[in-house]
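Just so you know, residue 1 is the first one in the sequence shown, and it goes up from there. Heavy atoms only: backbone and side chains are in, while hydrogens, waters and symmetry mates are out.
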Amino acid sequence: MSTPTWAPPCPVCGTPAVPAPAACPVCGLPAVAQAATVVARMGATIDEFARERDALLATLRASARPATTPAPVPPPVTAPPPVVFPAVRRPGPVPPVPFPPAPPHLPPHVPAAAGPLAPPPPRRRLSPQQVLLGLGALLVVAAGVAFVAVAWTRLGVGFQAAVMATVTAAAVATSAWAARRGLRATEEALAAAGSALLAVDLAAAHALGLGGADAVPLRLWAGLSCVAVAAVALAAGRATRSTVTWPLVALLAVQPAGWLLLPGGLGEAPAAVAVLLGTALLDVALLLVLRLELHRVATVLAALVAAAGVLLGVPLAWSGDPADSWTATAALALAAGGAVALLREPRLAPRLPEPDVTAPVAAGVAALALTGSLTGAGLVGTVLAGGLGLVLLTAAAPASVTGPLAGALPAAGAVLAGGGAAVLADGGQNAPLALLVLAAAVPAGLAAVLRPALRPAATAAALATPALAALVAWEGGLLGAVPAALLVALVGAAAFAVAALRAGHPEEWAAAVTGMLAGAVAGLVTVEAGAWGQTAVDLAVVGAAAGCYAVVARRRPVAVLAVADLVAAGWIAAAGAEITTPEVYTLPAAAGLLLLAVPALRTGAASWAAEGPAVAVALLPSAVVVVDEPTALRLALVVAAAAGLTVGGALTHRQAPFLVGAGALVLVVLGRLAPYAPLVPRWVTLATAGLLLLVVGATYERRRQQAREAVAWVAQMR
C-alpha cells in the first residue's frame, strides 16, 4: 500500500504535511496535517468572499446610475476552483500571496454609505408623435361627422352607413394591429377615434332613420347606444389588453346608460335615484378589476354620479309624496350602507378616499333624507327624527365604536337631531323643542366622559344645552324672564364649578367660556325684562362662582372679571332701587380692588400697586362730596377715615394710604374753610401772611432741611 504523492503544505515551511498527528519533519510544527487543512479552507473562503463582494458592488453601482447610462455588466461569478496542493516538497519559507486586485471597472475605494437614490422619472410630456396622432384622430372624427351631416343629401343612407361602418371597423382593427406591433401611441389614438366614430354612427343611425331607428324614442336610443358602445369597448379590450382607451370608453359609456334606459316618466322618480346610486357603487366595485391607470377616473365618476343621485333623492325625500319620499330615503340609506361596507373591504379601502370623510358624508346624506321623510308625517315624525338623532349620538359616545361607524353615527345623529330641531323651531313648537334640546345634554355628557379627544367640545355642549333649553322655553312663553334667566345663571355657575374641578385639563377653558357666556346671557334677559334686582342676583351668582374658580385655578384674568361682575351686580341693584348715596357705589368697587390686591399685599408689593387704588376709590369721592354737600355724619366718617389712613400709613411706612389720607384731610379742611375766607378782615389776612413770611425767612435754612427730610421720609415709603 503506497502513501499518496500529494498533501497540503505546512503553513510555516511549505513542506508537504505528514499524516496526523505527526509533526512537521522540517520545522517541527505539531499536528501539521490538521493545521495545513484549516489554513487551506480559510484561504478558499476568503477568495470566495472577495468574488461575491466584487459582484455585489458592481450590481449596486449599476442600479445607482441614471437610467440613460447603460450600467456595466459585472463579470460572471463562477464557482471557486478546487484547491490543488503541490505534491513536491518546497523547502524554505512560503512567499506571501498578494490580495487579488479589484476588477478594472471598479474604483479602488468603496465608501461605506449607500449610494444616492435614483433620480425621479421625468414628467410625462406630449411627444410630437402623440400630438400628430391626436390631431389625426380628431380630424378623422370631424370628417365622419361632416360626412354624416352633409353627404346624406348626395349619397344614399345605406351607402353612407356602409362607409361609416367600414371606417369605424378599420379604425378598430388598425388599433388592434398596432397593439400587436407594440405601437402604443398609435393604438390608443386609433381606439379613441374608433370609439368616437362608433358613437357618431349610432347617433346618425337614429337621426337618418336607418332601419326605422327613428321610431325608437331618443332617450331609449341613447341608452341602447351607450350599452352598445360599452359592449364593443369591452370586446375590443379583451382582444387587445394593452389598450387603455377601451376600458375607459366602456367605463364612461356605462355611467348614463342605466338612467337613460328608464322609461320617460321615471327619469326624476325614486327609481332614477336608485339607478344613479347603484351606478356609483358599481364604479367603486370596478376598482377591483380595472387597471391602475383608471382608478382615479372611476373614483371621480363614482363621486359625480353619487352627487347626482343625492341632488335628486334628497329633494324627493323632503317634498315628494309619502311613497316617493320613503322610496328615495330607502335608496339613499342602502347606498350609504353599501358605501360603508365597501370601505371595510380590505382590497378597496386603500383605493378609496379616507373613511373618516366618506363614511360621515354618506351617513349624513342618508340621515338628511330620513329627516325629510319623518318630518313629512307631522309633529310626531319630527320629534321622532330628533329623538332618533339623539339615540344615534348616544350610541356613538362609547370609545368602543371605531372604524367607519365612529364617523357615520355622529354625522347621522347630528343631522337628524339638527333637522328635527330646525323644523320644530320653524313651526313654533317650542315645548317639544325645549325638551329635545335639554335631552341633547345626555349624549354630550357621555361623549365628554368617554371620548377624551372630544372632551372640550362635548363639555361645552353638555353645559350649554340646559341653558339653551331654558331660553327656548322663555321664547315660547313656557317660562318667565326671571326664572329663565335664573336657570341660565345657575348653568353658568355649574360651568365654573366644572372648570374648577378640571383645572389644568383641555376642557377647563371650554367650561369657563361657557360660564361667562351664560352669565352675560342671563343678564341680558333680565335687562330686557326690566328686572334690575334679578339682574343683580344673576350676575352675583355667576360672579361668585367665577371668583371661586379663579381662586382654585389661580386665574387672575378670571378673577378680575369676577370682581367686575360682582361690582356691576351691586351697582345695578343700587340703581334699580334708586339709591343715590355715592358710598353705595364706591365702597363695593373699593372692596373689589382690595380683594384683587390681596396677592400683592402678601408679597409686599408697593403700596400704589396694592392698596392704593382701593383706598383712593373709597375715600376721595366721599371727600369731594363732603366739600360740596356737607353732612355731619359723612364729615365725621370721612375725617376719621382720612386720619386713620394717614396715621396707619405713617406707622406702617406705606406711602399710598398716607398720601391719600393726608390729601383727603387737606381737601376737607380747605373746602370747609374756603366759604369763610371772605369774612376774615383784610388786615388779619395781611398780618398773617406777613408773619408767615417772616417766620419762613428767619428759619429758611432749618425749614428747608426739614422739608427735605420730610420729602425723603415720604419718598422712602413703599
Side-chain angles (χ1 to χ4, degrees), residues 130 133-134 137-138 140-141 144-145 164-165 167-180 183-206 213 216 218-262 272 274-309 338 342 345 347-348 351-352:
Q130 292 173 330
L133 289 172
L138 183 61
V140 169
V141 175
V145 174
M164 289 297 298
V167 173
T168 303
V172 174
T174 309
S175 174
W177 175 84
R180 288 193 295 270
L183 305 175
R184 301 304 178 201
T186 304
E187 68 170 308
E188 299 294 348
L190 290 174
S195 303
L197 288 174
L198 179 59
V200 172
D201 293 345
L202 294 172
H206 185 271
V216 180
L218 180 60
R219 180 189 182 91
L220 179 59
W221 181 263
L224 294 175
S225 300
C226 290
V227 174
V229 171
V232 172
L234 287 176
R238 292 184 63 86
T240 57
R241 297 183 180 275
S242 62
T243 309
V244 181
T245 302
W246 294 125
L248 175 61
V249 169
L251 184 64
L252 293 174
V254 166
Q255 305 306 310
W259 181 73
L260 291 173
L261 290 175
L262 289 173
V275 169
L276 291 173
L277 296 177
T279 304
L281 293 177
L282 177 63
D283 292 337
V284 175
L286 286 176
L287 293 176
L288 296 174
V289 296
L290 286 174
R291 59 183 69 198
L292 186 61
E293 296 90 339
L294 299 178
H295 283 184
R296 183 173 298 179
V297 177
T299 305
V300 172
L301 290 175
L304 293 176
V305 177
L342 290 176
E345 172 61 35
R347 294 176 297 172
L348 286 176
R351 307 173 187 179
L352 294 174

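- Here the closest non-hydrogen pair linking Thr279 and Gln255 is CG2-OE1, 3.6 Å.
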Show me, pair by pair, the donor-acceptor contacts under 3.5 angstrom made by side chains of residues 284-296, not counting sequence neighbours?
{"residue": "Arg291", "atom": "NH2", "partner": "Arg241", "partner atom": "O", "Å": "2.4"}
{"residue": "His295", "atom": "NE2", "partner": "Leu287", "partner atom": "O", "Å": "3.3"}
{"residue": "His295", "atom": "NE2", "partner": "Leu290", "partner atom": "O", "Å": "3.1"}

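- Scanning all heavy atoms of the two residues, the minimum distance from Ala280 to Val305 falls at N-CG1, 4.1 Å.
- Remark: Leu277 CG to Leu282 CG distance equals 12.5 Å, nearest 0.5 Å.
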Would you list the atom pairs, donor with acceptor, under 3.5 Å between side chains in residues 222-238 and any protein atom, with sequence neighbours excluded?
{"residue": "Ser225", "atom": "OG", "partner": "Trp221", "partner atom": "O", "Å": "2.7"}
{"residue": "Ser225", "atom": "OG", "partner": "Trp221", "partner atom": "NE1", "Å": "3.4"}

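- To the nearest 0.5 Å, the span separating CG on Leu304 from CG on Asp283 amounts to 9.5 Å.
- By the side chain to side chain donor-acceptor pair (under 3.5 Å) test, Thr245 is found to be paired with Glu188, residues two or more places apart in sequence or in another chain being considered.
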